[in-house]
Amino acid sequence: FMNNSKDYSTNQNSTKKNDVSPLKDKLLKYKNALSLLNLGVCQKNQEHIAESLNILSSMENPANESEENEVRKIFDLILKNELYNLAFVPEIIKKIAGQGNVVAQCRLAWLYMEGFGVEENFQEAFEWYKKAASQGFASGQCNLARMYENGIGIPKNYEQAVKWYKKAAEQGFSAAQKSLERLASV
């Protein structure tokens, strides 16, 4: 009779169940916040909605495209379900934007542009788009350029509009590329 039992506790090839890289861990936290927000929307549970946004506000800014996409999904869900009408949502978005989150900065600027959940304020929108644009966020750059081009809340400034459209276009942002083509034909 042979003893075929192995001691797996010393097997160096085994992987720990909880061994998650910091990047994957952060991405999972974004996904967790999105899932909790979805649950809150489905159940009309404001506590879950607030908790999901608080998870987002406690995290570092997105460091790559995957993380940025997860944050976008969160804000898209907020907009789609008009959660900005809940009094606490714009305040939490403002907190997240104040921490430098470029997606939150652009979404907050949009809320100010449209007057959704906050009082319409083009100057505030301009400031938040400018913050996102200054961090190299193409959507913020393109929206800032639109404000300069159209004189929304600020005097028209085509030089600044072209400057910011170019920065966004260099990142492959198609709306900025089309705007540059349109301005060139004028």
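Every heavy atom of this structure was used, including side-chain atoms; hydrogens, water molecules and symmetry mates were not.
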Go through the steps to decide whether W110 and N143 satisfy the test side-chain contact (heavy atoms from CB on, under 4.5 Å), and finish with yes or no. CA-CA 9 Å; W110 184 80; N143 283 299; over 6 Å; no
Working to the nearest 0.5 angstrom, can you tell me the gap between K73 NZ and Y30 OH? 13.0 Å
Which heavy-atom pair separates L27 from E70 by the least distance, and what is that distance? CD1-CG, 3.6 Å
Here the pair of heavy atoms bringing I92 nearest to A50 is CD1-O, 4.3 Å
Is Y129 linked to Y158 within one hydrophobic cluster, defined over Ile, Leu, Val, Met, Phe, Trp and Tyr using a side-chain heavy-atom separation of less than 4.5 Å? no
May I ask you to test the I74-V103 pair for a side-chain heavy-atom distance under 4.5 Å? no
Which heavy atom in A104 sits nearest to a heavy atom in I93, and how many Å separate them? O-CG2, 4.0 Å
Taking side chain as C-beta onward, heavy atoms only, is L77 less than 4.5 Å from N38? yes
Residues, nucleotides or ligands: over 12 heavy atoms within 6.0 Å of E60 CD: no
I'd like to know whether the aromatic ring centres of F126 and Y112 sit less than 6.0 Å apart in this structure. no
I need the minimum non-hydrogen distance between A168 and A138, along with the two atoms involved. CB-O, 3.5 Å
Measure the shortest side-chain to side-chain distance between Y165 and R182 over non-hydrogen atoms and say whether it is less than 4.5 angstrom. yes
For the atom pair CD (E127) and CG (L144), what is the distance rounded to the nearest 0.5 Å? 9.5 Å
Same hydrophobic cluster for F116 and L37, using side-chain heavy-atom links shorter than 4.5 Å among ILVMFWY? yes
Distance, nearest 0.5 Å, that separates NZ of K29 from CG of L56: 12.0 Å
Is there a donor-acceptor contact under 3.5 Å from the side chain of Q105 to the main chain of W128? no
Could you check K167, Q171, K163 and say which one makes a side chain to side chain donor-acceptor pair (under 3.5 Å) with Q141? Q171
Given E124 and E119, is the side-chain contact (heavy atoms from CB on, under 4.5 Å) satisfied, shown in steps? CA-CA 10 Å; E124 276 290 315; E119 190 173 320; over 6 Å; no
Side-chain contact test, heavy atoms from C-beta onward, threshold under 4.5 Å: evaluate it for H48 versus V41 and give yes or no. no
With side chains defined as the heavy atoms from C-beta onward, is the minimum distance between P62 and N101 less than 4.5 Å? yes
G117 versus N85, closest heavy-atom pair with distance: N-OD1, 4.3 Å
Does R72 come within less than 4.0 Å of E68, counting only side-chain N to carboxylate O? yes
Between M147 and V162, is there a shared hydrophobic cluster once you connect ILVMFWY residues whose side-chain heavy atoms come closer than 4.5 Å? no
Decide whether L28 and L36 are clustered together by the hydrophobic rule: side chain heavy atoms of Ile, Leu, Val, Met, Phe, Trp, Tyr closer than 4.5 Å, transitively. no
Calculate, to the nearest 0.5 Å, the distance between atoms OG and NZ belonging to S57 and K94 respectively. 15.0 Å
Please lay out, stage by stage, how I152 and R146 fare under the test side-chain contact (heavy atoms from CB on, under 4.5 Å). CA-CA 8 Å; I152 302 171; R146 278 193 192 113; 5.7 Å; no
With heavy-atom distances below 4.5 Å as the criterion, would you say the side chains of Q46 and L86 are in contact? yes
Between F88 and L83, is there shared hydrophobic-cluster membership here, with clusters defined by ILVMFWY side-chain heavy atoms closer than 4.5 Å? yes
Show the numbers, then the answer: is there a side-chain contact (heavy atoms from CB on, under 4.5 Å) between L108 and I96? CA-CA 9 Å; L108 182 60; I96 297 167; over 6 Å; no
Please give me the minimum heavy-atom distance between K26 and M59, naming the atom from each residue. O-CE, 3.3 Å
Please round to the nearest 0.5 Å and tell me the distance separating atom CG of N61 and atom CD of E67. 9.5 Å
Rounded to the nearest 0.5 angstrom, the CD-CD distance for E51 and E47 is 8.5 Å
